[in-house]
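Since the model is a prediction, treat every value here as computed from it, not as a measurement.
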2 protein chains.
Amino acid sequence: MPAAPRLDDGELLARLLEVFRAHGYEGASLTRISAATGLQRPSLYHRFPGGKQDMAVAVLDAAHARFGQQVLAPLSGKGAPSTRLRAMATALAEFYADGKASCLLDTLSLPGAPAEVRRRTKRTLGVLRSGLAEIASEAGFTPAAARHRADDAVIAIQGALVVARVAGDREPFQRVLKDLPRRLTTPPGR
Amino acid sequence: MPAAPRLDDGELLARLLEVFRAHGYEGASLTRISAATGLQRPSLYHRFPGGKQDMAVAVLDAAHARFGQQVLAPLSGKGAPSTRLRAMATALAEFYADGKASCLLDTLSLPGAPAEVRRRTKRTLGVLRSGLAEIASEAGFTPAAARHRADDAVIAIQGALVVARVAGDREPFQRVLKDLPRRLTTPPGR
DNA sequence: ATGTCGTTCCCGAACGATCGGTACACAAGA
DNA sequence: TCTTGTGTACCGATCGTTCGGGAACGACAT
């Protein structure tokens, strides 16, 4: 029927992702978004009738899905837990551009973002925690210990991304990823 | 000599700290700052001629100083490293309101903040890393190992604050603080 | 082939509101 | 009176958003 989009939905969401994760919700002005996508502001409203909040929600939903497929799915595969965790670390490195990119869950969770947006950050963080807890449990930890290990891993990833952004030093992030299997499988007494 | 300020500098900086650490640089609009301090915008320009950037810099400098006195100073005291680290954990808990407050280094390091501001976040993070590395070194680690331990501790603190904000769950933050002494003093093989 | 028609996509222009910032006058203590 | 702090009023620019219309395309009737 109609005219072809200048930017297919996937590419558009990818550009939006970059803007939101770099600048946060309030920092992602429509002018910046317009510049990053090549679409004028009114055109963005054609794609996202709900405006900026719609864009952020779409980005979070897409990231949630991509996270499930690329990062969490390998955890449910076959092979030793440590093998699967190494696969996950590789996926995480790509997801966060080796530490160069910030995490949406961080930048979109400030109180300036709409409640709907913040709720989605909470949801995605929840599935990440649960996914890691499950594999830690599978590696032999009690449920409580597995939950602690998983939280420590999530904390390490998020913290490493903050350090990478603030200090401009990606080495800690890479080390965290490398240590991920040990973190979630090695028993405490060595 | 002259008219007394409605708010002494300390209280003013404390209010500014809350706004900046909650909303980040771009989210900390002068309207929000005005509401939080009770001062009209022109009055803020009287206190900070350089405007918003001056306020952010002043907040970071004050936090840097307070951080040095309340958090880092206990590390140079006497007693076993683990004892000093417990004192530091207590100070950190207060500094971050038990996990309810975000970290300035996180929220003020987004690319929307002026370079001068981001540089200060980098500086403060640097002294934190160095301070922790020093005490880990004192606890018997090689310089390289101490640096890793310190980075892991910093990462854990920052990550725990992100998790606390996103998930509204402060338990991981409290656990990180509790584990701080072990993290920086216990040898790897248990 | 030709002409509309509905649909999809995009943009120029403009809206009210808020942004960061300023000029200036008044109020209060030395 | 002189200095310092605050408030009223206002600046241009940008904020997120809306309106209306033009361009491209498939469908359908002539």
Side-chain angles (χ1 to χ4, degrees), chain A residues 1-20 22-60 107-108 110-118, chain B residues 1-20 22-60 107-108 110-118:
Chain A
M1 331 159 159
R6 292 187 53 150
L7 232 57
D8 59 273
D9 287 7
E11 185 59 25
L12 177 55
L13 279 173
R15 308 272 183 101
L16 289 177
L17 169 68
E18 289 314 307
V19 179
F20 275 111
H23 294 94
Y25 189 83
E26 305 197 272
S29 73
L30 291 204
T31 299
R32 271 203 258 252
I33 294 175
S34 175
T37 59
L39 294 176
Q40 297 298 335
R41 294 201 294 276
S43 306
L44 293 166
Y45 276 81
H46 177 71
R47 303 290 202 99
F48 304 95
K52 189 171 168 181
Q53 173 170 339
D54 255 26
M55 302 180 208
V57 166
V59 163
L60 278 172
T107 62
L108 288 187
L110 296 194
E116 180 67 25
V117 169
R118 279 189 313 219
Chain B
M1 339 150 159
R6 290 189 56 148
L7 233 56
D8 58 273
D9 286 7
E11 184 61 24
L12 177 55
L13 279 173
R15 308 272 183 100
L16 289 178
L17 169 68
E18 291 312 309
V19 179
F20 276 110
H23 294 95
Y25 188 83
E26 306 196 272
S29 73
L30 291 198
T31 300
R32 272 203 257 252
I33 294 176
S34 176
T37 58
L39 294 176
Q40 300 295 340
R41 291 200 290 278
S43 304
L44 292 166
Y45 274 81
H46 181 73
R47 305 285 201 101
F48 304 95
K52 188 172 166 178
Q53 173 170 338
D54 255 26
M55 303 181 208
V57 165
V59 163
L60 278 172
T107 63
L108 288 186
L110 296 193
E116 180 67 26
V117 169
R118 283 198 310 244

Exercise for the section: Please tell me if the side chains of A/His23 and A/Thr107 come closer than 4.5 Å, counting only heavy atoms from C-beta onward. Expected result: no

Problem - Flag side-chain contact, heavy atom, 4.5 Å: B/Phe20 against B/Leu60 - result: no

Problem - Within residues 39-50 of chain B, residues whose heavy atoms come under 4.0 Å of DNA chain D - result: B/Leu39, B/Gln40, B/Arg41, B/Pro42, B/Ser43, B/His46, B/Arg47

Handout entry: N-O pairing of B/Asp9 and B/Arg47 below 4.0 Å
Key = yes

Handout entry: Carboxylate-amine/guanidinium proximity below 4.0 Å for A/Lys52 and A/Glu26
Key = no

Rounded distance in Å - [atom1] ([X]) to [atom2] ([N]):
X	N	atom1	atom2	value
B/Arg6	D/dT4	CZ	C1'	15 Å
B/Lys52	C/dT22	NZ	P	14 Å
A/Asp8	C/dC9	CG	P	12 Å

Exercise for the section: Please confirm whether the backbone N or O of A/Ile33 pairs with a side-chain atom of A/Thr37, one donor and one acceptor, at under 3.5 Å? Expected result: yes

Fill in the blank from the handout: Looking only at heavy atoms, the pair that brings B/Tyr25 and B/Val117 closest together is CE1-CG2, 4.3 Å

Fill in the blank from the handout: Closest heavy-atom pair, B/Leu12 versus B/Leu7, reported as atoms and distance to 0.1 Å, is CA-CD2, 4.0 Å

Fill in the blank from the handout: So, with a heavy-atom separation below 4.0 Å from DNA chain C, the residues of residues 25-33 of chain A are none

Handout entry: Residues in side-chain contact (heavy atoms from CB on, under 4.5 Å) contact with B/Glu116, at least two apart in sequence or another chain
Key = B/Gln53, B/Val57, B/Arg119, B/Arg120

